[in-house]
K.L.:
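Below is the structure I would like to discuss, written out as structure tokens.
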Amino acid sequence: MTVPPEQLRSAADFPPTTREQWSELALGVLRKSGVEAGSPEEALASVTYDGVTIAPLYDASDLPDDPGLPGAAPYVRGARPEGGSWEVRQRHEVADPEAVLADLENGVTSLWLALEPEDLPRVLDRVHLELITITLDAGERTREAAEALFAVAEGKRAAGRGGDGPVGERGPGELAGNLGADPLRDPETAIDLARRCVAGLPGLRAVVVDGTPYHDAGGSDAEELGCSVAAGVAALRILTGAGLTVDEAFGQLEFRYAATADQFLTIAKLRAARRLWARVAEVCGAGTSGRGAGQRQHAVTGSAMMTARDPWVNMLRTTLACFAAGTGGADAVTVQPFDARLGLPDAFARRIARNTHALLVEEAGVARVIDPAGGSWYVERLTEELAEKAWEWFQEIERAGGMAAALESGLVAGRLAATWERRSENIAHRRDPITGVSEFPDLAERIPVRQARPGRAGGVRYAQEFEALRDLADAQESRPKVFLATIGPVAAHTARASFAASLFQSGGIAAVTAVAAAPGADPAVAAAPGVDPGRIAAAFAASGAEVACLCSSDRLYGEHAEAVAAALRQAGARKVWLAGKGEFAGVDANLYAGCDALGVLRTTFDDLGVAR
């Protein structure tokens with residue numbers, strides 16, 4: 001049906017709404033749902049690990065001060081006025097020239113090489129250095145790796161060749177990227193390499209200020225930011241103390257941050273990082289143009305969020321993280337392969353990692369818009385509040401004597417450990433869910449086997465405790481199991497049976513029901529033990545389980561829970577759980593949303609006699 005133009009209504013035809021009107025309507029819905037709260041803002045708000053309140057609604061009044069323009073101070077909206085795509089930076093930890101070439105021929109524009117210095121000539125032999133950027137990650141051998149890279153570049157310049165393929169805008173062998181020096185760990189090497197870069201290698205930076213170790217220790221976003229700014233300031237002091245000008249020192253730094261599946265916090269973190277560093281530049285008197293004008297950022301999809309179990313879900317996590325990194329304005333982005341927790345990635349995993357960039361840039365068009373999150377009331381407010389929290393933490397580190405002193409005294413470690421403890425508590429209670437691990441686990445999954453990763457750095461993993469229990473369950477001759485004693489019709493017990501099954505399976509414990517307990521029996525009979533305690537107990541005995549969990553509605557619990565629990569005890573149940581809340585004779589403990597899932601699993605292992 002065609003609507004006459006005179007009947008069409010525009011947004012201007014509708015009366016304006018106010019925050020107060022929304023609040024009144026939202027409060028009515030909450031009360032109907034049984035939620036008692038003074039305001040919907042109070043009921044629906046959440047708080048980050050940094051104490052930043054995420055409100056349910058934002059409007060124009062939430063906008064902070066003018067964030068400026070892209071490419072202009074304070075660089076909240078990006079350090080590049082022209083916008084454009086980010087560098088696709090792939091990490092390589094083994095000397096595999098064919099894998100490197102495959103990446104470069106299929107979309108990778110930057111190499112992150114964690115290789116031994118002696119391997120660099122072979123890996124880069126057929127690579128056009130002038131077409132890409134290279135970042136070194138050689139740890140204690142940074143100086144040797146840099147010298148090896150210089151030698152490779154000099155050889156290509158002398159021969160007048162780059163590698164296979166077309167020649168780039170830079171001359172043969174002309175380098176761009178970062179040498180990966182850490183002034184806090186090895187100031188001598190950092191100073192020497194910075195001087196060489198300033199003197200004659202304009203495309204290179206010498207220093208990486210790496211915030212990811214603080215993230216990987218379980219830290220929050222503001223803690224990662226504050227630590228990185230403090231480490232950056234420490235690097236500036238070391239470089240300027242060795243004779244570099246302020247502008248030269250600023251131009252030698254690149255910052256590395258973790259990008260996570262929490263897309264809005266990642267976007268805000270990268271924007272806040274540039275704002276913080278612009279403030280440091282202002283205080284230090286750095287120029288407003290040139291390489292030090294805006295913080296150069298390398299975003300890496302976070303290691304802590306990656307799982308070994310159901311690793312394919314990592315593809316979704318890293319896609320979200322890559323999107324957030326690009327939207328947040330990162331200059332270079334590394335997508336970790338989905339099998340990163342299993343060992344060295346195979347060719348398929350590397351292909352998926354680089355194609356994640358291609359999908360976002362070419363198909364989704366993320367890079368076609370400069371600062372696509374700019375102007376969002378939520379993102380702008382979150383950016384500002386995150387920057388404020390990070391600046392407070394940075395100032396605390398400075399009052400303690402700077403980053404080196406704060407690391408030595410344990411101030412940083414203590415702060416990160418406290419945050420990790422809070423995060424661990426939320427993970428254990430499944431308030432911070434991990435898909436495929438603490439939620440929706442697949443006990444039948446077949447995990448790919450990968451070659452061990454050489455010298456992989458440590459750090460916490462959000463999934464580590466659940467995965468440790470999964471490993472323990474898998475190592476048993478027969479998988480531990482719990483019988484779900486469903487009471488009443490399917491409609492009464494399905495929700496809680498599904499909840500209980502998912503919880504037990506998150507620790508590798510199978511959840512069996514009446515059907516599984518009585519193979520060969522009439523499925524119609526076995527599947528519907530109803531409310532008869534005798535039939536439920538018989539199904540439990542047939543299952544071979546030693547622990548049971550009652551699953552039903554509150555009403556049916558009131559009528560039958562005690563009788564069923566008594567029958568299960570008589571049939572040999574060592575322990576009887578109940579999915580839901582309420583105390584009943586014969587029931588030992590309860591499962592419910594927000595309970596300590598790890599505690600339940602560990603207790604169940606103990607009850608089943610599985611040594612931990």
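Position 1 is the first residue of the sequence; numbering continues from there.
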K.L.:
Taking the six-membered ring where the residue is Trp, are the ring centres of Trp277 and Phe250 under 6.0 Å apart?
P.N.:
yes
K.L.:
Check whether any side-chain N or O of Lys269 sits under 3.5 Å from a backbone N or O of Ala258 as a donor-acceptor pair, and report yes or no.
P.N.:
yes
K.L.:
Under 3.5 Å, is there a donor-acceptor pair linking the side chains of Tyr462 and Asn426?
P.N.:
no
K.L.:
With a 4.5 Å heavy-atom cut-off, do Pro70 and Arg80 have their side chains touching?
P.N.:
no
K.L.:
Let me see the working for Arg19 and Asp62 under salt bridge (charged side-chain N to carboxylate O under 4.0 Å, His left out), right down to the final yes or no.
P.N.:
CA-CA 12 Å; Arg19 187 188 285 260; Asp62 292 299; 3.1 Å; yes
K.L.:
Give a yes or no answer on whether the side chain of Arg195 reaches the backbone of Ala242 with a donor-acceptor pair at less than 3.5 Å.
P.N.:
yes
K.L.:
Checking side chain to side chain contact (heavy atoms under 4.5 Å, CB included) between Leu136 and each of Leu111, Val208, Leu179, which is the one that passes?
P.N.:
Leu179
K.L.:
Counting only heavy atoms not in Gln395, do more than 12 sit closer than 6.0 Å to its CD atom?
P.N.:
yes
K.L.:
Is Asp346 close to Asp339 at the side-chain level, that is, under 4.5 Å between some pair of heavy atoms?
P.N.:
yes
K.L.:
Can you tell me how far CD of Glu93 sits from CG of Leu115, rounded to the nearest 0.5 angstrom?
P.N.:
8.5 Å
K.L.:
Has the side chain of Arg205 got a donor or acceptor atom that lies under 3.5 Å from a matching backbone atom of Leu253?
P.N.:
yes
K.L.:
Where do Ser303 and His215 land on the side chain to side chain contact (heavy atoms under 4.5 Å, CB included) test, with the steps shown first?
P.N.:
CA-CA 9 Å; Ser303 294; His215 170 85; over 6 Å; no
K.L.:
Would you tell me whether Asp247 and Thr245 have side-chain atoms, one donor and one acceptor, within less than 3.5 Å of each other?
P.N.:
no
K.L.:
Hey, does Pro74 have a side-chain heavy atom less than 4.5 Å from the side chain of Glu282?
P.N.:
no
K.L.:
Could you note down all residue pairs passing salt bridge (charged side-chain N to carboxylate O under 4.0 Å, His left out) where residues 416-425 supplies at least one of them, sequence neighbours left out?
P.N.:
none
K.L.:
Name all residues meeting the ring-ring contact (aromatic ring centres under 6.0 Å, His included) criterion together with Phe394; count only those two or more places apart in sequence or in a different chain, and write none if there are none.
P.N.:
Trp391
K.L.:
At what distance, to the nearest 0.5 angstrom, does CG of Asp119 lie from CG of Leu113?
P.N.:
10.5 Å
K.L.:
Scan side-chain atoms only and decide if Ser110 and Thr133 contain a donor-acceptor pair under the 3.5 Å cut-off.
P.N.:
yes
K.L.:
For Arg274 and Gln297, does a side-chain donor sit closer than 3.5 Å to a side-chain acceptor?
P.N.:
yes
K.L.:
Taking the side chain as every heavy atom from C-beta outward, state whether Glu224 and Trp393 have any atom pair closer than 4.5 Å.
P.N.:
no
K.L.:
Please determine whether salt bridge (charged side-chain N to carboxylate O under 4.0 Å, His left out) holds for the pair Lys389 and Asp50, giving the CA-CA distance in whole Å, both sets of side-chain angles, and the decisive distance to 0.1 Å.
P.N.:
CA-CA 7 Å; Lys389 295 290 185 180; Asp50 292 307; over 6 Å; no
K.L.:
For the pair Arg453 (side chain) and Gly343 (backbone), establish whether a donor and an acceptor sit closer than 3.5 Å, ignoring hydrogens and angles.
P.N.:
yes
K.L.:
How far does CG of Asp331 sit from CD of Glu254, to the nearest 0.5 angstrom?
P.N.:
7.5 Å
K.L.:
When you look at CZ of Arg351, are more than 12 heavy atoms from neighbouring residues, nucleotides or ligands closer to it than 6.0 Å?
P.N.:
no
K.L.:
Do the ring planes of Trp86 and His357 sit parallel (below 30°), tilted (30 to 60°) or perpendicular (above 60°)?
P.N.:
tilted
K.L.:
Which residues pass the ring-ring contact (aromatic ring centres under 6.0 Å, His included) test with Phe150, sequence neighbours left out?
P.N.:
none
K.L.:
Specify the closest pair of heavy atoms between Leu276 and Ala390, including all atoms of both residues, with the distance to one decimal.
P.N.:
CD1-CB, 3.6 Å
K.L.:
Donor-acceptor pair, His298 side chain versus Ala332 backbone, under 3.5 Å?
P.N.:
no
K.L.:
Are any side-chain N or O atoms of Arg430 and backbone N or O atoms of Glu439, one a donor and one an acceptor, separated by less than 3.5 Å?
P.N.:
no
K.L.:
Is there a side chain to side chain donor-acceptor pair (under 3.5 Å) between Thr260 and Asp262 once you walk through the steps?
P.N.:
CA-CA 5 Å; Thr260 72; Asp262 191 328; 5.7 Å; no
K.L.:
Taking Arg91 as the fixed residue, which of Asp103, Thr135, Asp137, Thr334 is the one that meets the side chain to side chain donor-acceptor pair (under 3.5 Å) rule?
P.N.:
Asp137
K.L.:
So does Ala206 get a backbone contact from the side chain of Gln252, meaning a donor-acceptor N/O pair under 3.5 Å?
P.N.:
yes
K.L.:
Can you list everything that forms a salt bridge (charged side-chain N to carboxylate O under 4.0 Å, His left out) with Glu467? Sequence neighbours excluded, please.
P.N.:
Arg461
K.L.:
A side-chain contact here means heavy atoms from C-beta on lying under 4.5 Å apart; do Asp371 and Val369 qualify?
P.N.:
no
K.L.:
Using side chain to side chain contact (heavy atoms under 4.5 Å, CB included) as the criterion, point out the one residue from Val335, Val108, Thr109, Leu104 that pairs with Arg354.
P.N.:
Val108
K.L.:
How far does CD of Glu144 sit from CG of Leu149, to the nearest 0.5 angstrom?
P.N.:
13.5 Å
K.L.:
Is it the case that the side chains of Asp210 and Thr212 hold a donor-acceptor pair, with the cut-off being a distance below 3.5 Å and no angle test?
P.N.:
yes
K.L.:
Please report the interatomic distance CG(Leu386) to CD1(Ile267), rounded to the nearest 0.5 Å.
P.N.:
12.5 Å
K.L.:
Salt bridge check: are Arg275 and Glu384 linked by an N-O gap of less than 4.0 Å?
P.N.:
yes
K.L.:
Less than 4.5 Å apart, any side-chain heavy atom of Glu362 and any of Asn355?
P.N.:
no
K.L.:
Counting C-beta onward and ignoring hydrogens, is there a side-chain heavy-atom pair between Ile434 and Thr307 closer than 4.5 Å?
P.N.:
yes
K.L.:
Answer with yes or no whether the side chains of Glu223 and Thr419 bring together a donor and an acceptor at under 3.5 Å.
P.N.:
yes
K.L.:
If the condition is ring-ring contact (aromatic ring centres under 6.0 Å, His included), which residues does Tyr257 pass it with, not counting sequence neighbours?
P.N.:
none
K.L.:
Just do the side chain to side chain contact (heavy atoms under 4.5 Å, CB included) check on Met306 and Thr318 with the steps written out, would you?
P.N.:
CA-CA 9 Å; Met306 302 290 276; Thr318 55; 3.8 Å; yes
K.L.:
Using atom types as modelled and distance alone, determine if a side-chain donor or acceptor of Thr48 lies under 3.5 Å from a backbone N or O of Val52.
P.N.:
yes
K.L.:
May I ask you to decide if Phe338's main-chain N or O and Asn314's side chain share a donor-acceptor pair within less than 3.5 Å?
P.N.:
yes
K.L.:
Decide yes or no for Ile191 and Pro183: does some side-chain heavy atom of the first lie under 4.5 Å from some side-chain heavy atom of the second?
P.N.:
no
K.L.:
Going by salt bridge (charged side-chain N to carboxylate O under 4.0 Å, His left out), name the pairs with one or both residues in residues 181-193, residues two or more places apart or in two chains.
P.N.:
Arg143-Asp192
K.L.:
Quick check for you: to the nearest 0.5 Å, what is the distance between Asp65 atom CG and Glu380 atom CD?
P.N.:
11.0 Å
K.L.:
Side chains of Thr383 and Arg271: is there a donor and an acceptor less than 3.5 Å apart?
P.N.:
yes
K.L.:
Measure from the side-chain N and O atoms of Thr301 to the backbone N and O of Gln336, and report whether any donor-acceptor pair falls under 3.5 Å.
P.N.:
yes
K.L.:
Is Arg89 salt-bridged to Glu87, going by a charged N under 4.0 Å from an acidic O?
P.N.:
yes
K.L.:
If I compare all heavy atoms of Ala330 with all of Ala299, which pair ends up nearest, and what's the gap?
P.N.:
CB-CB, 3.8 Å
